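One structure is given below, encoded as C-alpha cells.
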Amino acid sequence: MRLILMGPPGAGKGTQARVVAEHFGVPAISTGDIFRANVSQGTALGVEAKRYMDAGEYVPDDVTNRMVRDRIDEPDAAPGFLLDGYPRTLDQVEELDGMIAHTGHSLDAAVVLTVDPEELVQRLLQRAQTDGRTDDTEDVIRRRQEVYAEQTEPLIGVYRERGILVELDGMGEVSAVTQRIFDALDVIPQS
Ligand code: ADP
C-alpha cells in the first residue's frame, strides 16, 4: 500500500497516520517529524530546516525531496508506506512520482482530511499548550494555513484528476475519523 495523507495544519494527519500505517503494515513517514528530529539532534539539516519551520514556511524542495528519497529507499518501506506531510508542492508531486515509478509501483490513494478553518486554529492553539511546538503560535499558525492554501491545495486537483483522491471529513472524534479512513481504503485495490 502506497498512500499519502494530506490536509491543512491541524487536520489530524499525524494522529491518523500512525494508526492507518499500522493497519496496513507499512511505515508512517512524516516529513515534519523527521525535520523536528533533526532540529533536536542539531544536524546541519535541522539547522537549515528550523529557519523555515519557525516562520511557517516550507523547507526548500531540494532539501525535502532528498530527505524523502533516502527514507523511502530504506528496506522497511519496500512493501509500501504512508506519507504524512509530503508531497506539499507540485515539484514534490513530480519527485514522488519518479521515486515510486522507480520501484515499479504506483500511488494507491491520496487521502485529504477536511476540517473547518476556525477549528484548525483552535486545535493548534490547544496543541501549543500541551506539546510546545515552536511553530504553534497564532501568527505562525495563520501563515502555515496560508502557505497550505497557496502551495498544497492545488495538489488536490492533481490527484482528483488521476482518480485516486479520497476526500474525507476530518471533524469529530479521532476514532470516527479513523473509521472513515478504513472504510474508504479497505475497498481500494492495491498496486
Ligand atoms: P503541520 O502539518 O502541522 O504544519 P508538520 O509537522 O507536518 O506540521 O510540518 C511542520 C513544518 O515542517 C512545516 O511547516 C514545514 O516547515 C516543514 N515541512 C514538513 N513537510 C514538508 C514538506 N513536504 N515540504 C516542505 N516543508 C515541509
Side-chain angles (χ1 to χ4, degrees), residues 2-21 27-41 43-72 77 81-100 107 110-156 158-159 168 170 174 177:
R2 285 166 186 78
L3 297 170
I4 63 180
L5 191 52
M6 295 173 53
K13 295 183 299 288
T15 307
Q16 298 298 336
R18 285 183 276 277
V19 191
V20 174
I29 299 175
S30 157
T31 42
D33 284 352
I34 303 176
F35 284 133
R36 278 185 291 277
N38 277 275
V39 171
S40 58
Q41 289 158 18
T43 68
L45 174 67
V47 171
E48 161 137 42
K50 187 171 165 51
R51 288 191 292 152
Y52 297 96
M53 295 168 78
D54 283 351
E57 306 294 334
Y58 287 165
V59 177
D61 283 334
D62 58 330
V63 176
T64 308
N65 289 332
R66 202 170 338 116
M67 183 180 85
V68 172
R69 186 180 293 276
D70 288 347
R71 179 63 190 86
I72 281 180
F81 46 78
L82 185 161
L83 289 169
D84 157 16
Y86 182 94
R88 290 196 206 216
T89 66
L90 291 167
D91 178 79
Q92 293 178 13
V93 168
E94 216 174 290
E95 284 290 323
L96 177 63
D97 286 344
M99 294 177 215
I100 296 180
L107 204 55
V111 177
V112 181
L113 298 177
T114 308
V115 174
D116 292 344
E118 271 316 307
E119 163 86 11
L120 293 172
V121 177
Q122 290 316 314
R123 285 185 186 182
L124 292 172
L125 288 174
Q126 183 86 35
R127 183 171 78 187
Q129 294 181 344
T130 53
D131 294 13
R133 259 175 61 166
T134 52
D135 59 349
D136 280 345
T137 59
E138 186 150 4
D139 283 358
V140 177
I141 289 170
R142 300 226 180 253
R143 179 62 193 146
R144 280 156 59 209
Q145 311 288 3
E146 277 172 17
V147 172
Y148 177 84
E150 286 164 13
Q151 301 200 44
T152 306
E153 249 171 25
L155 275 51
I156 294 176
V158 172
Y159 291 117
L168 297 173
V174 169
V177 177

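Just so you know, ligand 1 is whichever comes first in the structure, and atom 1 is the first atom listed for that ligand. In this chain, numbering begins with 1 at the start of the sequence shown. What you are looking at is a predicted structure, and each value in this text was computed from that prediction instead of being measured.
- A heavy-atom distance below 4.5 Å is not found between the side chains of R2 and L83.
- Residue, atom and distance of the protein heavy atom nearest to atom 2 (O) of ligand 1 are K13 NZ, 2.9 Å.
- Only backbone heavy atoms of E57 (N, CA, C or O) come within less than 4.0 Å of ligand 1; its side chain stays farther off.
- Between the T134 side chain and the D54 main chain, no donor and acceptor come within less than 3.5 Å of each other.
- Residue G85 has at least one nitrogen or oxygen atom sitting less than 3.5 Å from a nitrogen or oxygen atom of ligand 1, judged on distance alone.
- Residue contacts with ligand 1, taken as heavy atom pairs separated by less than 4.0 Å, involve V59 via backbone and side-chain atoms alike.
- Interface of R144 with ligand 1, defined as ligand atoms under 4.0 Å from a residue heavy atom, comprises 1 (P), 3 (O), 4 (O).
- Heavy-atom contacts from other residues, nucleotides or ligands closer than 6.0 Å to CD of Q126 number 12 or fewer.
- Here's the thing with D84: none of its N/O atoms is less than 3.5 angstrom from an N/O atom of ligand 1.
- Remark: ligand 1 and Q92 share an N or O pair separated by less than 3.5 Å (distance only, no angle test).
- Between the side chain of Q92 and the backbone N or O of R88, at least one donor-acceptor pair lies under 3.5 Å.
- Scanning all protein heavy atoms for the shortest distance to atom 5 (P) of ligand 1 gives R88 NH2, 3.5 Å.
- Heavy-atom contacts of T31 reach the following atoms of ligand 1: 19 (C), 20 (N), 21 (C), 23 (N) (cutoff under 4.0 Å).
- Using a 4.0 Å cut-off between heavy atoms, R133 contacts ligand 1 through its side chain alone, with no backbone atom that close.
- In summary, the atoms of ligand 1 found under 4.0 Å from a heavy atom of T64, numbered by their order in the structure, are 22 (C), 23 (N), 24 (N), 25 (C).
- Within the 4.0 Å heavy-atom criterion, both parts of M53, backbone and side chain, lie near ligand 1.
- With sequence neighbours excluded, the residues forming a salt bridge (charged side-chain N to carboxylate O under 4.0 Å, His left out) with E48 are R51, listed by chain and number.
- Checking side-chain atoms of R71 against main-chain N and O of I34 turns up no donor-acceptor pair under 3.5 Å.
- Here F35 has side-chain heavy atoms under 4.0 Å from ligand 1, and that is the only part of it that gets that close.
- Using a 4.0 angstrom heavy-atom cutoff, R127 counts as in contact with ligand 1.
- In terms of modelled atom types and a separation under 3.5 Å, the side chain of K13 and the main chain of G7 share a donor-acceptor contact.
- No hydrogens or angles considered: a donor-acceptor pair under 3.5 Å links the side chains of T152 and Y58.
- Annotation for E153: atom CD counts as buried by contact number, over 12 foreign heavy atoms lying within 6.0 Å.
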